[in-house]
Undergrad: 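Got a structure here, written out as structure tokens. Questions coming.
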Amino acid sequence: GAVVSQHPSWVICKSGTSVKIECRSLDFQATTMFWYRQFPKQSLMLMATSNEGSKATYEQGVEKDKFLINHASLTLSTLTVTSAHPEDSSFYICSASRGQIDSPLHFGNGTRLTVT
Amino acid sequence: AQSVTQLDSQVPVFEEAPVELRCNYSSSVSVYLFWYVQYPNQGLQLLLKYLSGSTLVKGINGFEAEFNKSQTSFHLRKPSVHISDTAEYFCAVSGSNTGKLIFGQGTTLQVKP
């Protein structure tokens, strides 16, 4: 079946540095990708919707300058956490869609970010 | 706007017993409903979805759910659970055809031997 690859699976960085997370659809073209953040024992909070070739749409309360999203091709979207702080530590999950509701949404395995 | 409420944060159950995980939603438009399962430190796997048609939806791993429009519910059921069903279960709703999902708070299903 369709696979979404998310890399890295975990990363530890120092406060003030930037971290890039990649989300790739391996065997289909993803017109839309979604980025979620999940705190321990909590639900997934949608951060932004990324459409290939256009600017991402951010949810209310998400800082677009801090969480930079790029969807340069139909198979790759990246999330960059800029000037990371300990409060940015979380589990980040991407998902990819062909853009149609009857097409299943495929999720990556997530990235555990720890900022020290 | 849509929202989802999962009424139980934790559901403990013995192996081979039946289980129901409850989900209620609110929406001002027609909705599409989903159940996902998440194992520790992993992404989400689709169990089943309701888009239209029959209100009883069958999914993978023996799970099924019933869409009840009058009660705005989409409860997940399994007649006999296994230890391997222990995981976090998320109900989700979408009011559009773009795949944007709003998730409930999640229910931890803990199957005991």
Side-chain angles (χ1 to χ4, degrees), chain A residues 1-10 21 23-25 28 30-52 54 56-60 77 90-114, chain B residues 1-11 21 23-25 27 29-53 57 59-60 67 86-110:
Chain A
V3 176
V4 172
S5 174
Q6 191 172 337
H7 179 79
S9 57
W10 61 271
I21 302 170
C23 181
R24 293 181 184 272
S25 57
F28 69 99
T31 56
T32 306
M33 288 187 174
F34 303 91
W35 287 95
Y36 291 85
R37 182 175 181 176
Q38 185 179 29
F39 291 102
K41 304 293 185 181
Q42 295 188 29
S43 187
L44 284 76
M45 301 299 296
L46 180 65
M47 298 175 66
T49 302
S50 168
N51 292 299
E52 186 266 338
S54 63
T57 302
Y58 289 82
E59 296 298 305
Q60 191 173 8
S77 176
S90 191
F91 194 56
Y92 294 87
I93 305 176
C94 73
S95 65
S97 166
R98 289 186 176 91
Q100 300 162 343
I101 192 59
D102 57 350
S103 297
L105 197 61
H106 301 284
F107 284 82
N109 279 334
T111 297
R112 173 73 60 192
L113 170 63
T114 302
Chain B
Q2 293 84 38
S3 67
V4 179
T5 301
Q6 290 181 244
L7 299 167
D8 307 297
S9 59
Q10 292 188 355
V11 174
L21 306 183
C23 172
N24 286 87
Y25 68 92
S27 177
V29 298
S30 296
V31 296
Y32 309 107
L33 294 157
F34 306 80
W35 274 99
Y36 284 86
V37 61
Q38 183 182 34
Y39 298 100
N41 293 312
Q42 292 188 27
L44 276 70
Q45 180 182 7
L46 179 67
L47 282 176
L48 48 79
K49 61 184 176 183
Y50 171 79
L51 302 181
S52 64
V57 180
I60 63 172
F67 170 59
T86 295
E88 191 77 14
Y89 291 80
F90 291 97
C91 181
V93 63
S94 174
S96 70
N97 62 354
T98 62
K100 178 178 175 180
L101 295 178
I102 303 301
F103 286 88
Q105 301 90 325
T107 297
T108 302
L109 175 62
Q110 187 175 23

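Order of the sequence lines sets the chain letters (A, B, ...), proteins ahead of strands, with each chain counted from 1.
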Undergrad: Measure the spacing between OG1 of B:T107 and CD of B:Q10 and express it to the nearest 0.5 Å.
TA: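 One finds 9.5 Å between OG1 of B:T107 and CD of B:Q10.
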Undergrad: Between B:Y36 and A:F107, is the gap from one ring center to the other below 6.0 Å?
TA: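 Aromatic pair counts; centres sit under 6.0 Å.
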Undergrad: Taking side chain as everything from C-beta outward and backbone as N, CA, C, O, which of these in A:Q38 sits under 4.5 Å from a heavy atom of chain B? Side chain, backbone, both or neither.
TA: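 Side chain of A:Q38 only, per the 4.5 Å heavy-atom cut-off to chain B.
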Undergrad: Of the backbone (N, CA, C, O) and the side chain (C-beta and beyond), which part of B:E88 lies under 4.5 Å from a heavy atom of chain A, both, or neither?
TA: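 Neither part, no heavy atoms under 4.5 Å.
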Undergrad: Assess the residue pair B:Q105 and A:S43 against the criterion (side-chain hydrogen bond (donor to acceptor under 3.5 Å, both in side chains)); give the C-alpha distance rounded to whole Å, side-chain angles, the decisive distance to 0.1 Å, and a yes or no.
TA: CA-CA 5 Å; B:Q105 301 90 325; A:S43 187; over 6 Å; no
Undergrad: Measuring heavy-atom distances to chain B, does A:L44 have an atom under 4.5 Å in its side chain, in its backbone, in both, or in neither?
TA: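 For A:L44, backbone and side chain are both near chain B.
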Undergrad: Return the CD1 to CD distance between B:I102 and B:Q2, rounded to the nearest 0.5 Å.
TA: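 So the CD1 of B:I102 and the CD of B:Q2 are separated by 7.0 Å.
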